[in-house]
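Below is one structure, written out as structure tokens; the observations come after it.
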Amino acid sequence: MSEDIAQDSDSAGFETRARIDTTRPHSARFWNYFIGGKDNYEIDRQVGDQIKEIFPGLADIATTGRRFLGRAVRHLAREQGIRQFLDIGTGLPTADNTHEVAQRVAPDARIVYVDNDPIVLAHAHALLTSTPEGRTAYLDADLHDPEAVLSAAAETLDFSQPVALMILNTLGHVEEYEEARALVRRLMAGLPAGSYLVICDATATSEQVIAAAAAYKESGAVPYHVRSVEEIAGFFEGLKLVEPGVVRVPEWRPEDEDGGPSDVDAYCGVARKE
């Protein structure tokens with residue numbers, strides 16, 4: 001590494017660290033704690049433990065969602081021949097990230113991760129790995145500007161070929177439901193026929209998860225809005241759902257090794273753009 005590059009890297013790292021607030025709970029770190037990661041602070045663990053007392057099932061939402069990611073990516077890469085993935089709201093890297101799952105099936109797969117979070121940005125180097133045949137890139141970009149996301153992703157992905165758009169446990173950060181739907185539509189509008197939309201999210205299907213969302217908001221964190229099953233299904237309007245449709249996360253094409261509870265307060269779906 002040249003001295004200039006090293007200085008640039010150090011400067012970028014300092015700027016990123018300066019944006020990190022360790023006094024408030026943070027969604028990426030909070031979620032990392034629930035899936036057994038180590039990239040979190042005391043405030044995230046304190047709030048996490050408080051919310052687990054209200055809603056112990058939140059940890060199940062985190063772990064089953066991660067397993068769903070693996071099943072969905074394997075299905076798309078193995079059964080549908082998808083070789084390009086656009087993962088928005090990446091979160092902190094853990095085991096079996098999208099690029100790792102996809103490139104085990106198809107070493108030539110290309111993956112673009114998108115997040116605008118300083119914590120995630122600070123760990124982005126862990127994502128910038130790839131098989132020699134494929135490619136992995138990371139974008140510091142915002143879901144609220146779909147056209148900018150697509151424009152930047154086009155430097156890595158070929159939008160004349162199908163792309164799988166992954167938005168997992170992210171849309172709840174958009175307060176207004178119709179705005180969230182519009183953002184999804186704008187993203188899918190930029191992808192060719194044969195592309196797929198993959199979504200999973202916590203749902204307002206129990207008093208406990210609703211209370212947990214309220215407690216999280218009261219902690220000082222950026223609020224996360226849980227939605228109805230019908231609202232989750234609405235994100236797929238105009239697309240062709242892959243069987244079994246919009247279902248609880250563990251019920252989407254389960255595999256023998258999945259295990260765990262089946263009645264989690266989270267729903268998911270995969271759909272194809274015709």
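Starting from 1, each residue takes its place in the sequence as its number. Below, all heavy atoms of this structure are taken into account, side chains as well, without hydrogens, waters or symmetry copies.
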Name of the residue among Glu255, Glu79, Glu100 meeting salt bridge (charged side-chain N to carboxylate O under 4.0 Å, His left out) with Arg74: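 When Glu255, Glu79, Glu100 are each tested with Arg74, the salt bridge (charged side-chain N to carboxylate O under 4.0 Å, His left out) holds only for Glu255.
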Residues that Glu147 engages under salt bridge (Lys or Arg N to Asp or Glu O under 4.0 Å), provided they are two or more places apart: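 Glu147 satisfies salt bridge (Lys or Arg N to Asp or Glu O under 4.0 Å) with Arg186 only.
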Counterpart residues, salt bridge (Lys or Arg N to Asp or Glu O under 4.0 Å), relative to Asp115 (two or more places apart):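 Counting only residues at least two positions away or on another chain, Asp115 forms no salt bridge (Lys or Arg N to Asp or Glu O under 4.0 Å).
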Side-chain ion pair, Asp96 and Arg66, N-O less than 4.0 Å: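 Between Arg66 and Asp96 there is no salt bridge, as every charged N stays at least 4.0 Å from the carboxylate O atoms.
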Qualifying residues under ring-ring contact (aromatic ring centres under 6.0 Å, His included), relative to Phe85, sequence neighbours excluded: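 Partners of Phe85 under the ring-ring contact (aromatic ring centres under 6.0 Å, His included) test: none.
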Checking side-chain contact (heavy atoms from CB on, under 4.5 Å) against Val270, which of Val246, Leu241, Val242 comes through?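 The side-chain contact (heavy atoms from CB on, under 4.5 Å) with Val270 is passed solely by Val242 among Val246, Leu241, Val242.
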side-chain contact (heavy atoms from CB on, under 4.5 Å), paired with Tyr138, selected from Val120, Val114, Ile111, Asp87: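 For Tyr138, the side-chain contact (heavy atoms from CB on, under 4.5 Å) check succeeds only for Val120.
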According to the salt bridge (charged side-chain N to carboxylate O under 4.0 Å, His left out) rule, which pairs have a member within residues 233-242, sequence neighbours left out?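 Counting only pairs at least two positions apart or across chains, the salt bridge (charged side-chain N to carboxylate O under 4.0 Å, His left out) contacts touching residues 233-242 are Arg181-Glu237.
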Which residues share a side chain to side chain donor-acceptor pair (under 3.5 Å) with Asp265, sequence neighbours left out: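 Thr205, Ser206.
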Assess the residue pair His225 and Tyr177 against the criterion (ring-ring contact (aromatic ring centres under 6.0 Å, His included)); give the C-alpha distance rounded to whole Å, side-chain angles, the decisive distance to 0.1 Å, and a yes or no. CA-CA 9 Å; His225 306 277; Tyr177 175 60; over 10 Å; no
Apply side chain to side chain donor-acceptor pair (under 3.5 Å) to the pair Asp201 and Tyr224, showing each step before the final yes or no. CA-CA 10 Å; Asp201 224 327; Tyr224 199 88; 2.5 Å; yes
Measure the shortest side-chain to side-chain distance between [X] and [Y] over non-hydrogen atoms and say whether it is less than 4.5 angstrom.
X: Gln50; Y: Glu53; value: no
X: Arg253; Y: Pro244; value: yes
X: Met188; Y: Arg185; value: no

Side chain to side chain donor-acceptor pair (under 3.5 Å): which pairs involve residues 155-164, sequence neighbours left out?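 Output for this query lists Asp158-Ser160.
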Is Leu239 reachable from Leu150 through a run of hydrophobic residues whose side-chain heavy atoms are each under 4.5 Å from the next?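 Per the 4.5 Å side-chain linkage, Leu150 and Leu239 are co-clustered.
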Would a hydrophobic clustering, with Ile, Leu, Val, Met, Phe, Trp and Tyr connected at side-chain separations under 4.5 Å, put Ile82 with Leu191?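 Shared cluster, no.
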Between Thr131 and His99, do the side chains contain an N or O donor and an N or O acceptor separated by less than 3.5 Å?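 No, no side-chain donor-acceptor contact under 3.5 Å.
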Does atom CD of Glu274 have more than 12 heavy-atom neighbours, drawn from other residues, nucleotides or ligands, at distances under 6.0 Å?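 Enclosed.
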side-chain contact (heavy atoms from CB on, under 4.5 Å) assessment of Glu133 paired with Gln103: CA-CA 9 Å; Glu133 304 92 333; Gln103 290 180 345; over 6 Å; no
If you round to the nearest 0.5 Å, how far is CD1 of Ile199 from SG of Cys268?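 Here the rounded value is 10.5 Å.
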Between Asp142 and His144, does the side chain to side chain donor-acceptor pair (under 3.5 Å) criterion hold? Intermediate values first, please. CA-CA 5 Å; Asp142 194 335; His144 289 85; 3.1 Å; yes
